[in-house]
Structures are given as C-alpha cells and as structure tokens.
Amino acid sequence: MDSKKPSSRGSKPSRTPEPRTSKQKPQQKAAKRLRKSSLSKAQRNFAVFNKDHKHLNKYENLELESSGSDGDDEQDHSGQQGSKSNKNNAREQVVLIEDDGTQDPREIDTIEIVDSGSEEDNGVPNIQKKSASIDPQEDGSNALDDNQDFISLSMSSDGESSGADGDDQVDNNTAGDYDYDNYDDEYPNEEPQKSKQTLNTDYPWILNHDHSKQREIADWLTLEIKDFVAYISPSQEEITVRNATIGKIRRAVKELWPDADLHVFGSFATDLYLPGSDIDCVVNSSAGDKENRNCLYSLASFLKRRKLATQVEVIAKARVPIIKFVEPESQIHIDVSFERTNGVEAAKIIRGWLTQTPGLRELVLIVKQFLSARRLNNVHTGGLGGFSVICLVYAFLELHPRTLSADISTTENLGILLMDLFELYGKNFGYDHVAIAVQSDGASYLPKQKNSNLQNPRTSFSLAIQDPGDANNNISRGSFNIRDIKKAFAGAFDLLTNRCFELDAATFKDRVGKSILGNVIKYRGKERDFKDERSLVVNSAIAENELYHRKRGRIVHDDLFTDVSDEEKEQDIYVVEKPAKKKHKKNKTKKKESTAKDSASEVGSSAARKKTSTDVRSSKNVESLMGLDATDDGDDDGYDPLNPPVDDAAKPDLTTKSVNAQTRRDYWLSKGQTL
Ligand SMILES: Nc1ncnc2c1ncn2[C@@H]1O[C@H](COP(=O)(O)OP(=O)(O)OP(=O)(O)O)[C@@H](O)[C@H]1O
Ligand SMILES: [Mg+2]
C-alpha cells in the first residue's frame, strides 16, 4: 500500500466535512448563494441524466489486481501475440488473428514468411502455413469471455469485497486502500527503475512547475493539466521520427502497389497522440481491390522483408481487416487498414473540433492517459478507444452548461471541467437511456429508445456514441466494460475533489511539491522535456490530410482514391499550421463564432495559456438550454434529457465574459457539497 497517501484520504470518507478553518467560513456563505443561481439549476440538470438519481459517491479502488496471472496476461495483451510469436520464432512469422467484432479476437493461424532473398512477382510472398488453430482454450472460449483478462478496478484486496467483475456489487468505501503505484502505463518505460530514480516521482510534470502558491485550488489543477499536456506533447524530434516512419511505409506501399497510396488518420493526424500512441494508416488504391487476405499478407511480408516491420500481425477476418506491426527503427506501433476513407474523413472533423473547442486537446489527452494507465483504453478488452474518448470529451464540452452559456473561459477552467467530466460520465450520465451524437458542428443527446442502431442488444447499460461519419454506427459498441470505466471516472472525481479539499486546507508550506492531478494520473514513460514543439515542425499526417481534403473537394466524382504523395504536396501543402491569431472581440455581435480558435497546433503552447476569455463560445442561456425556464419550480421532472431543446433562434444576447474568482470559488465549492 502506498505509505505516502494522505491520511485524510484514508480516514475520512468523502462526506466527512473538512475541519472548519477561518478560511472556509466565508465559503459556506458563498455556497448558499450559489444554490439560488442558475448554476445550481444547470448542475441539477447534469444530474438528470441519471434516471435513478443514484450518486455513487463511492471510492473506487484504483489498485490493479496484483494477484493471479490476470495482470500479466493483460499487461501483454497488445504484445501478447508478440510473446506467443516469440515462442514460435516470431521473427519469421505473421500471426493471423480472427476478430470479426462478434467475439474476442483469437489467434487462428501463424504463417511463415519464407524470405527467399528474391522479390516475388507482384509482391506476392511465399507463404507457408505454419500451424493452425492456436486457440487459447480448446473449447473456443478464452479468458476474455468472463472478463478475467481485464485488470479490474473493483475492490479485490478484501475477501468480502466485490468479485472479479464487480458487477452489481456494493463497493466498500475503504478509501485508505489505494495503491497508486501499482499500475503502469500502456507503454511502460523500458527502464522503469532508472527513470523512477531519476525523477523520483510519478508526476514528472510538476518538476520545476510548482503551483502550490495558487490561491484558487482549481487554478492549481488547471495549471497542472496544462503542464501535463506540455510535458507529453511531442518534441520536434518525435514529430520528425513519426513523419519519417510514415514516409518509409508509404514508399514501400507504392513500390508494392503503384496504384496505391497510404493515408494517415487517427491520433497522429489529429495531434491527439500520447508519446506511445500507435499510428493509424489506410491503404487506398485506384483499383480499390486491396482489402483481401492476399493483399494483407502481401503487404505484411513485403514490409517484413524490407525490414520495415516486426511483430507483424495480420487480422484478416475482422470487420475492419488490418495488419499491425512495429516499425523497428522508431519502435512505433502501426495499424494499416485498407480501402476506406472514414478515418481520413474523421481526422478532418476532429481537427475542426479542436480548432473550435478550446480545452478539447488538453482534456482528451488527460482522459486518454487516465484510461491508458488503468488499461481501460483497449477496445479489445472492452475499454474505451481513443476515438470514443475524443467524442465523449467533445460532447461534454459542447453540452456543458457553463461553456454553452459562455459563462466561463474554458482554458482557464480546465481543472473544474475535468472534475465535471469525471462526475458526469462517472456518476450522472444515463447510460441506459441516452446516446451521444457528435457531428462536425456540434453534439447532442439522443434517446436510445428511438435509435435502435445505437442500442446494445445484450444490455441497456452501455455507452452509445453515434459515429459522425455514419449515423448507424455506434463507435463505442466494443466498450463492453463500461461499468469499470464508469467506476474509474467516478473514483477519479472523488479523488480529485478530496485532494483539492485536502490541499486547500493545507498550509502553503505543506503544499510544496504536491500534485493534484497526480492523484489520478501517473506518467512513467521516459523522462521528457516540457517541449511542445508542434509549431516548429510540420506534422506530415496533418498536412497530407489537409491536402487530401483539398483534392477531394475538387473531385466531382466520389472517387475513393486520392493520391496525396504527389508534386503538389511538396510544393504547397507543407505549411505549418500557424496558431490562429486571436481576434479580440472585434465584432461583439458575432458571439456564436469561436474567437479563440486555438488551433490544433496552438493549444498547449504557452501563448494559449494566457488568461483570456476569447475562447468563450456560443452564448446560450443556461436555463433555456437545459430545459428550464424562468418559472421552473426546481422539479427536474420537467426536463426531458432525451430531448434537450435546441432553439438557436431564441438565443439570448448574453455578454461574453470570463468568470471572476468568486464565481469560480462558488462553483468549486458546490462540487464539494455533493460529497
Ligand atoms: N468504432 C469505430 N468506428 C468507426 N471508426 C473508428 C472506430 N474506432 C476508430 N475509428 C477510426 O479510427 C481512428 C483511430 O481510432 P483510435 O481509437 O485509434 O483513436 P486515436 O485517436 O488514434 O487514439 P490512440 O492514440 O489511442 O490510438 C478514429 O479517428 C476513427 O476514424
Ligand atoms: Mg490510433
């Protein structure tokens, strides 16, 4: 157990009032005032999404189960095939995995690539079947079936606590049992011990960035979030390595198939990658004929022969067939899919969201790291994938009453917003009834009842996010472990809130060297600099995606294939996306327009951290947006969360403003009242 954990966390349940200090008395008054404000109504309406009105308010044990082999199994889930392959002399093999989305992925074949030294005609490799039906369990099931493979966040240390899956168990509120050191990043450092000694901290983003003197504890958290994002944002070298890696793979693809090109999408094309994130690519060809087993193997073996791929897996029988491998020089994990454009379309949409939504990048990266550290980010084990995270956070920011009402400056209130996000998706969101829809220009809630495509036939308790590119696709349907994800979010809310109270009551002296964010997020990768160098070097994935869309815009026919690796790109597309100049309310009547426009390359830069209210967006009255009118009697029943009113025409002309410190304090205190 963590001997460093604050005593208050262990001994005080979340509802226990903090000892009153002279500092807190005026805050109590402020909280009373707050109840009458529109803010409390807005908050109440966030709670409406939980039909059962169950506010879990339980600590979650964020400790990973150390007992048994589960952890080990899971630890290597992504590398699992690699380790199996090692036993089978993986360097010479391509592993075939079946994953059609209806069951858990299974390794069904191992193909040996025979490198004869000469190139096969047309890239067709000499493939020999090595073995078949490498099934983890003879009966066709595997550990994933009963969720044993998942490292549960449920209580596990006490004999009487919840079982393996924690379903429907009452959680023991044993707040003192955390062991925050006992989980690791998805991409663990190769030299964890050395790194730990050097840094002597799990939250390296606070090194030389001490905010303990902040008077507003929420500001401290906001600053830490920005520091974390700066800490993990890519350096010039990292971007260059990613660019070069893509270049190498693309050249190989074009050599193998002259009619094809490689497009990048996913987090590298949206600037939402963590240091260890994979690169998602798609091969599109003018013939449109590459999505078949033969082509998958052809490319896999070709890349292998060219020493551009190790740990190669061919997942041919999936809904989206892909090959996965690690590029040996950069050690970057790469996924290649075939003949589809939804990913490159989505990348464009996401970059649009980033431009229009200050704070989106920061919160997405925090949530991604949060999930990654708990191994709740792997869709194959029911976790939440990066795409779902982006949509969740975007919907949260789009629909948050205080951002909707232009009441707060998002980038100045990231701390509060992060807590609200954890609270919403951890405690209040009505997973049973509500689906989330995200489009290129906004987000909304949908009733699951009326959208059968978004319903999970097995359980109503599921996360449903409508694909912005395909209304019939629920992008989070694979996240079957939503129960644990929800618990983790709820636990994070409690942890952050308690930590804030604890540090708020502490003396400045005792605060030094402490972290708020470190209570829920750890980073144990290699030591990094605080260099967000995205503005110094072109991210070629973004540049190419921009070019792709420009070219697509010019194509009359809906051709699938668009080659972006031609002359034009060299000439005019490699333009660093300069941070948009902030327009300081030149036209006050155009409040709907995003004025901050923190571009994807800008967010996280020091310039973006200056206090500003220019990121305040649309001005809608909180009450009207949340379904409350002036005659609202405080009864939540009058509001239908499944049909939130969207009355653009009736937008009140609210004055765009940044909240003052007192308002922030009030809001912050109101969080504590829920405990
Ligand atoms: N369930 C899905 N349905 C449709 N498209 C999806 C789905 N999941 C992923 N995608 C596509 O693949 C892209 C990459 O998804 P992924 O979940 O890897 O997110 P990411 O932003 O790359 O995060 P990470 O850095 O964790 O890999 C998405 O932007 C989207 O275009
Ligand atoms: Mg990805």
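Just so you know, ligand 1 is whichever comes first in the structure, and atom 1 is the first atom listed for that ligand. Starting from 1, each residue takes its place in the sequence as its number.
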[X] with [Y]: basic N within carboxylate O range, under 4.0 Å:
X	Y	result
R250	E544	yes
R477	D467	no
E329	K248	yes
R361	D271	no
E327	R242	no

Whether D335 has an N, O or S atom under 2.8 Å from the Mg ion (ligand 2):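 For D335, the answer is no, given that no N, O or S atom comes within less than 2.8 Å of the Mg ion (ligand 2).
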
For the Mg ion (ligand 2): the N/O/S atom of D280 at shortest distance: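 Relative to the Mg ion (ligand 2), the closest nitrogen, oxygen or sulfur of D280 carries the name OD2.
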
The Mg ion (ligand 2) to D278: nearest N/O/S atom name: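 That would be atom OD1.
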
Nearest neighbour in protein (non-hydrogen) for atom 24 (P) of ligand 1: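 Answer, as residue, atom name and distance: K368 NZ, 3.4 Å.
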
Top protein contact for atom 18 (O) of ligand 1, by heavy-atom distance: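 Heavy-atom neighbour on the protein nearest atom 18 (O) of ligand 1: D280 OD2, 3.5 Å.
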
Heavy-atom nearest neighbour of atom 29 (O) of ligand 1 within options F387, F268, Y273: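 The residue whose heavy atom sits nearest atom 29 (O) of ligand 1 is F387.
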
Taking distance alone, with no angle check, do [X] and ligand 1 share an N/O pair under 3.5 Å?
X	value
S267	yes
F265	no
I475	yes
R319	no

Within the 4.0 Å heavy-atom shell around [X], which atoms of ligand 1 are there?
X	value
I390	21 (O)
D278	27 (O)
D467	4 (C)
S277	25 (O)
A346	31 (O)

Distance-only donor-acceptor check, side chains N474 and S476, under 3.5 Å: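 Checked: N474/S476 side chains pair up, N/O donor to acceptor below 3.5 Å.
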
Polar contact flag, side-chain donor to acceptor under 3.5 angstrom, K304-T310: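 No, no side-chain donor-acceptor contact under 3.5 Å.
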
Min heavy-atom dist N473 to ligand 1 below 4.0 Å: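 A heavy atom of N473 does come that close to ligand 1.
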
V320 heavy atom under 4.0 Å from ligand 1: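 In this structure, V320 fails to qualify as a contact of ligand 1 - no heavy atom is under 4.0 Å.
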
Geometric class of the F489/Y425 ring pair [parallel <30°, tilted 30-60°, perpendicular >60°]: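 Aromatic pair Y425/F489 classed tilted.
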
Plane angle bin for W353 and Y394 - parallel if under 30°, tilted between 30 and 60°, otherwise perpendicular: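 Plane angle under 30°, so parallel.
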
Pair Y231 + W205: ring centers closer than 6.0 Å: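 They do not qualify: ring centres at least 6.0 Å apart.
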
Cation-pi geometry met for R374 and F370 (6.0 Å, 45°):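 Output yes; distance and angle both within limits.
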
